[in-house]
Amino acid sequence: MAVTIKTPEEIQKMRVAGHLAAEVLEVVAPHVQAGVTTEELDRVCHDHIVRVQGAVPAPLNYHGFPKSICTSVNQQVCHGIPGDRVLRGGDIVNIDVTVIKDGYYGDTSQMFLIGEVSVQARRVSQVSRECLLLGLAEVRAGASLRTIGRVIQRHAEANGCSVVREYCGHGIGREFHEDPQVLHYDDPKTSLVLQPGMTFTIEPMLNAGKRQVKVLPDGWTVVTKDHSLSAQWEHTVLVTPEGCEVLTLRSDESL
Ligand code: MF3
Ligand code: CO
Ligand code: CO
């Protein structure tokens, strides 16, 4: 599938979807505390998306995914399934929210630190957020897509973290996952030049240890092979002539 350029009408719908996805993270945030189960967080998000936003939680039934959000704890890299696991002080958890509104997708995730966490947990979460911000800073019309992966890999590795290669950012719009693939490491084969009206995600997954991952028998949950901690932050962006518009910016967030 070719990379699509969104029309002004489509961009307006992407703004709405992106804003709603960001709002879900703001709504769930006060619930992300020691003692809560990831299933309870799923219910808070699901109910807000369906009842308040009149939107659709994109993960639910996506290739058979059983819940409305992804919750990935500690050594889980991504696609964790909400369940009866209780969050405890010292845990780190990524909550990944994707909503569909008026036919368009908004996709965003962030890390939450529960109580006092280890220096390494704080570090991998912080460095992965910095990698997202460095990637965002490279987005503008005329820039190469390759640069995004290069700056992310450089920052991750300079800080003792590794970049997961099996999963990547993606074009997004009327589909959950469109072209292009947005790699979070340098790849000489990436030659796409960014144009105004392109929309895609940047969502670096960083491991505190080695980059290798495996999928658990549940068929979804991705974990680090060496059991090291993993962290991820994600935004959906629009390429503009001057730079990028972050479609999933939270109201309290500065870049
Ligand atoms: N939100 C994830 C992404 O950033 C995809 C989740 S797919 C699911 O692309 F099925 F696991 F929910
Ligand atoms: Co995504
Ligand atoms: Co996501």
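Residue indices begin at 1 and follow the sequence shown. Order of appearance sets the numbers: ligands from 1, and atoms from 1 within every ligand.
A side-chain N or O of Arg15 and one of Gln12 form a donor-acceptor pair less than 3.5 Å apart. With 3.5 Å as the limit, one finds a donor-acceptor pair spanning the side chains of Glu26 and Ser251.
Considering backbone and side-chain N/O of His79, none are found under 3.5 Å from N/O of ligand 1. The N/O atoms of Trp220, backbone and side chain alike, include none that comes under 3.5 Å of an N/O atom in ligand 1. The N/O atoms of Tyr62, backbone and side chain alike, include none that comes under 3.5 Å of an N/O atom in ligand 1.
Using a cut-off of 2.8 Å, one finds that His170 contributes an N/O/S atom close to the Co ion (ligand 2). Checking Asp96 against the Co ion (ligand 2), every N/O/S atom stays at or beyond the 2.8 Å cut-off.
Looking only at protein heavy atoms, the nearest one to atom 3 (C) of ligand 1 is Asp107 OD2, 3.4 Å. Among protein heavy atoms, atom 2 (C) of ligand 1 sits closest to Asp96 OD2, 3.4 Å. Closest to atom 5 (C) of ligand 1 among all protein heavy atoms lies Phe176 CZ, 3.6 Å. Scanning the protein heavy atoms around atom 9 (O) of ligand 1, the nearest turns out to be His177 NE2, 2.8 Å.
Of all the heavy atoms in Ile49 and Pro57, the pair that sits closest is CG2-N, 3.7 Å. In terms of heavy-atom proximity, Phe112 sits nearest to Leu25 at CZ-O, 4.3 Å. Nearest heavy atom pair, residue Met14 against residue Gly173, reads SD-CA, 3.5 Å. Taking all atoms of both residues into account, the shortest heavy-atom contact from Ala21 to Gly106 is CB-O, 3.6 Å. Asn207 and Val213 make their closest contact through ND2-CG1, 4.1 Å (heavy atoms, listed as atom of the first residue, atom of the second, distance).
Contacts of Cys70 with ligand 1, taken as heavy-atom pairs under 4.0 Å, involve the side chain alone. If you look at His63 next to ligand 1, there are no close heavy atoms at all, none under 4.0 Å.
Ring orientation note: the planes of Phe176 and Tyr62 are tilted relative to one another, at an angle of 30° to 60°.
Its N, O or S atom nearest to the Co ion (ligand 2) is what matters here, and for Glu234 that atom is OE2.
Heavy-atom contacts of Thr98 reach the following atoms of ligand 1: 1 (N) (cutoff under 4.0 Å). Of all atoms in ligand 1, listed by their number and element, those nearer than 4.0 Å to a heavy atom of Glu203 are 3 (C), 4 (O), 9 (O). Using a 4.0 Å cut-off to heavy atoms of Pro59, the atoms of ligand 1 that qualify are 12 (F). Heavy-atom proximity to Glu234, at under 4.0 Å, picks out these atoms of ligand 1: 4 (O).
The Co ion (ligand 2) forms the vertex of an angle spanning OD2 of Asp107 and OE2 of Glu203; to the nearest 10 degrees it equals 160°.
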Verdict with supporting geometry, Gln232 and Ser128, side chain to side chain contact (heavy atoms under 4.5 Å, CB included):
CA-CA 6 Å; Gln232 176 180 31; Ser128 61; 5.8 Å; no
Take Val27 and Val52 through the test side chain to side chain contact (heavy atoms under 4.5 Å, CB included) and record every step on the way to the result.
CA-CA 11 Å; Val27 165; Val52 179; over 6 Å; no
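Only one option out of Glu253, Gln110, Glu203 pairs with His235 in a side-chain hydrogen bond (donor to acceptor under 3.5 Å, both in side chains); it is Glu253.
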